[in-house]
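The structure appears below as structure tokens.
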Amino acid sequence: MRALADRLRRLPPSCGTVRLIGVDGHAGSGKSTFAGELAVALGEAPVLHLDDVASHEELFSWDGRLLSEVVEPLRRGATARYFPYDWRARRFGPARPLPPAPVILVEGVGAGRRVLRPYLARLLWMELPREEAWARGRSRDGEEQREFWSGWVEAERRHFAEDPSRPFADLLVRQSAQGYEVLPGPAGTVGPDHFVTHRDGPSAVC
């Protein structure tokens, strides 16, 4: 993980002075956990969870708010402010600041959508088949969220059919018993080497 973090730090800024790193994948694919571990390796880099930006009424049509509340301020070098959504209360909460940082992770389904890609320094895709990811997500959320998941699956299918992320991913991330395996993605912006990032340190695999 440290090796990946070092590579990301060395990238040129992509949004003002910030290196925005997208972490996309199907719901239940492990994006939040991976982003949390990567954030620690980056020295507690901020993580913007797209679950805080989406809502019941806007599962995927939140891109305008994200651009105006987060991307544009960061591009100007200003502190972004967004309003996290409470999925239980079904309303947006008070503003949360997001100051510019060397690296900011944007994690969630749709992090690699076309309107955001011009502002991303790298796009990472969690490589887990959608049916397996959805099964994990349903198991995680339990019976309480069964109805929500029924609607979500169809919405996610439509989103990725209209605006796919994986073909534009710079890196593919697969979870393994030792941690994570990071491979070159379809975008082809990295060399042939790949890394298996262990929780106790990385090792190169060629």
Side-chain angles (χ1 to χ4, degrees), residues 8-9 11-29 31-36 38-39 42-126 137 148 151-171 185 187 189:
L8 298 179
R9 286 193 196 96
L11 295 172
S14 59
C15 184
T17 61
V18 177
R19 296 152 187 82
L20 281 184
I21 306 299
V23 180
D24 205 337
H26 298 292
S29 60
K31 298 179 299 300
S32 297
T33 300
F34 173 76
L38 181 55
L42 286 163
E44 304 298 335
V47 181
L48 173 63
H49 300 283
L50 293 179
D51 282 352
D52 288 339
V53 179
S55 69
H56 284 90
E57 290 72 31
E58 294 181 325
L59 291 178
F60 289 102
S61 57
W62 39 258
D63 49 305
R65 285 189 292 105
L66 184 65
L67 290 174
S68 62
E69 295 175 0
V70 176
V71 173
E72 285 304 316
L74 292 177
R75 190 178 61 81
R76 300 192 308 268
T79 294
R81 287 180 174 81
Y82 64 100
F83 301 84
Y85 185 69
D86 187 325
W87 288 88
R88 294 185 182 276
R90 291 178 173 253
R91 62 172 180 266
F92 290 96
R96 181 178 297 172
L98 180 63
V103 180
I104 294 179
L105 305 179
V106 181
E107 171 274 319
V109 180
R113 64 194 313 169
R114 64 173 61 92
V115 299
L116 295 183
R117 287 197 295 270
Y119 305 100
L120 297 179
R122 282 292 183 272
L123 174 58
L124 282 60
W125 175 268
M126 302 300 295
F148 172 79
W152 171 268
V153 164
E154 291 308 312
E156 186 182 307
R157 286 183 194 272
R158 289 194 301 270
H159 168 71
F160 281 133
E162 298 168 0
D163 192 354
S165 296
R166 189 185 182 280
F168 304 94
D170 302 295
L171 299 170
T189 59

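Being a predicted model, the structure only gives us computed values, none of them experimental.
- Side-chain contact check for Pro102 versus Val18: every heavy-atom pair is 4.5 Å or farther apart.
- Closest heavy-atom contact between Gly77 and Pro100: O-CG, 3.7 Å.
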Residue pair Leu50, Leu66: steps toward the side chain to side chain contact (heavy atoms under 4.5 Å, CB included) verdict: CA-CA 9 Å; Leu50 293 179; Leu66 184 65; 4.1 Å; yes
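- Minimum interatomic distance between Pro46 and Val103 (heavy atoms only, all atoms of both residues): CD-O, 3.4 Å.
- Of the candidates Arg90, His56, Arg91, Glu58, Tyr85 forms a side chain to side chain donor-acceptor pair (under 3.5 Å) with just one, namely His56.
- Among residues two or more places apart in sequence or in another chain, the ring-ring contact (aromatic ring centres under 6.0 Å, His included) test is passed with Phe160 by His26, Trp125.
- From Leu116, atom CG reaches atom CG of Asp24 across 9.5 Å, with rounding to the nearest 0.5 Å.
- Taking CG of Leu8 as the reference point, atom CZ of Arg19 lies at 10.0 Å (rounded to 0.5 Å).
- Rounded to the nearest 0.5 Å, atoms CG (Asp52) and CH2 (Trp62) are 12.0 Å apart.
- Atom CG in Leu74 sits 8.0 Å away from atom OG1 in Thr17 (nearest 0.5 Å).
- The side-chain heavy atoms of Leu20 and Leu48, taken from C-beta on, include no pair separated by under 4.5 Å.
- Leu124 contributes atom CG, which lies 7.0 Å from atom CD1 of Ile21 (distance to the nearest 0.5 angstrom).
- Within the 4.5 Å cutoff, the side chain of Glu69 has no heavy atoms near those of the Leu98 side chain.
- Taking each heavy atom of Leu42 and Ala45 in turn, the nearest pair found is CB-CB, 3.7 Å.
- Residues Leu67 and Tyr119 come closest through the heavy atom pair CD2-CE1, 4.0 Å.
- For Arg75 (side chain) and Cys15 (main-chain N/O), no donor-acceptor pair under 3.5 Å exists by modelled atom type.
- Evaluation of the ring-ring contact (aromatic ring centres under 6.0 Å, His included) rule for Phe168 yields no partner, not counting sequence neighbours.
- In this structure, CZ in Arg113 is found 13.0 Å from CG in Leu123, a value given to the nearest 0.5 Å.
- Val53 and Arg65 make their closest contact through O-NH2, 2.6 Å (heavy atoms, listed as atom of the first residue, atom of the second, distance).
- The shortest side-chain heavy-atom distance between Asp163 and Phe60 does not fall under the 4.5 Å cut-off.
- Between Pro94 and Pro84, the shortest heavy-atom contact is O-CD, 3.3 Å.
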